[in-house]
Amino acid sequence: MYTEIQSYRIFIDSGSHKMRSFTTINLYDTEDNVIGVLQFHENEIKPYESKDLEHVHLQYPMSKFQIIVDILRNEKPIFIGYWKNQYGKYGRLCTGKEPVGEGEIESHLIAP
């Protein structure tokens, strides 16, 4: 099942707890409810399975942070999905379909 993301908020925390996620992005629906949490971990921190079953939790290495923020800033629509089958649990972010070769509209090419 996929849910469309309407807005997001980035949290960059600092603390002394060794297993704490220091960078998190909360994802919201049209009613400003949290529908997903993206957690970014340094390579030496082992990801953990969340006990919060109300929201989709996706975990990524810190190296994916900039890519995901770029997608959130520049693409629309964006969806979050989660499912479980006999092989395990899966989650993903995905964009809507776009025509091949559409490209971005350059602001200097638009007549005033």
Asks: Look up atom NE2 in His41 and atom CD in Gln59, then write down how far apart they are to the nearest 0.5 Å.
Replies: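 Reported value, rounded in 0.5 Å steps: 4.0 Å.
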
Asks: Of all residues at least two apart in sequence or in a different chain, which pass the side-chain hydrogen bond (donor to acceptor under 3.5 Å, both in side chains) check with Tyr2?
Replies: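 Tyr2 satisfies side-chain hydrogen bond (donor to acceptor under 3.5 Å, both in side chains) with Arg92 only.
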
Asks: Less than 4.5 Å apart, side chain to side chain, heavy atoms only: is that true for Tyr82 and Ile35?
Replies: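 Not touching, per the 4.5 Å side-chain cut-off.
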
Asks: Could you state the interatomic distance from CD1 (Ile25) to CZ (Phe65), rounded to the nearest 0.5 Å?
Replies: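 Here the interatomic distance stands at 5.0 Å.
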
Asks: Hey, could you give me the CD1/CZ distance between Ile5 and Phe79, rounded to the nearest 0.5 Å?
Replies: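 Answer rounded to 0.5 Å: 9.0 Å.
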
Asks: Quick one: list whatever passes side-chain hydrogen bond (donor to acceptor under 3.5 Å, both in side chains) with Asp70, sequence neighbours left out.
Replies: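 side-chain hydrogen bond (donor to acceptor under 3.5 Å, both in side chains) check on Asp70 returns Asn74.
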
Asks: Less than 4.5 Å apart, side chain to side chain, heavy atoms only: is that true for Leu93 and Leu27?
Replies: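 Answer yes - side chains close enough.
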
Asks: Kindly indicate whether the side chain of Thr3, heavy atoms from C-beta on, has any atom under 4.5 Å from the side chain of Val56.
Replies: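 When only atoms from C-beta onward are counted, Val56 and Thr3 do not touch, as no gap falls below 4.5 Å.
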
Asks: Can you tell me how far the CG atom of Asn26 sits from the OG atom of Ser7, to the nearest 0.5 Å?
Replies: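 Taking CG in Asn26 and OG in Ser7, the distance rounds to 10.0 Å.
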
Asks: Does the side chain to side chain contact (heavy atoms under 4.5 Å, CB included) test come out yes or no for Tyr28 and Asn33, once each step is laid out?
Replies: CA-CA 5 Å; Tyr28 300 89; Asn33 297 312; over 6 Å; no

Asks: Give, for atom CZ of Arg9 and atom CG of Asp32, the distance between the pair rounded to the nearest 0.5 Å.
Replies: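 If we round to the nearest 0.5 Å, Arg9:CZ and Asp32:CG are 7.0 Å apart.
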
Asks: Working to the nearest 0.5 angstrom, can you tell me the gap between Ile78 CD1 and Glu4 CD?
Replies: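 The CD atom of Glu4 is 9.0 Å from CD1 of Ile78, to the nearest 0.5 Å.
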
Asks: For Tyr8, check ring-ring contact (aromatic ring centres under 6.0 Å, His included) against everything at least two apart and list the hits.
Replies: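 With sequence neighbours excluded, Tyr8 shows a ring-ring contact (aromatic ring centres under 6.0 Å, His included) to no residue whatsoever.
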
Asks: Taking side chain as C-beta onward, heavy atoms only, is Phe40 less than 4.5 Å from Met62?
Replies: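 Of all side-chain heavy-atom pairs linking Met62 with Phe40, at least one is under 4.5 Å.
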
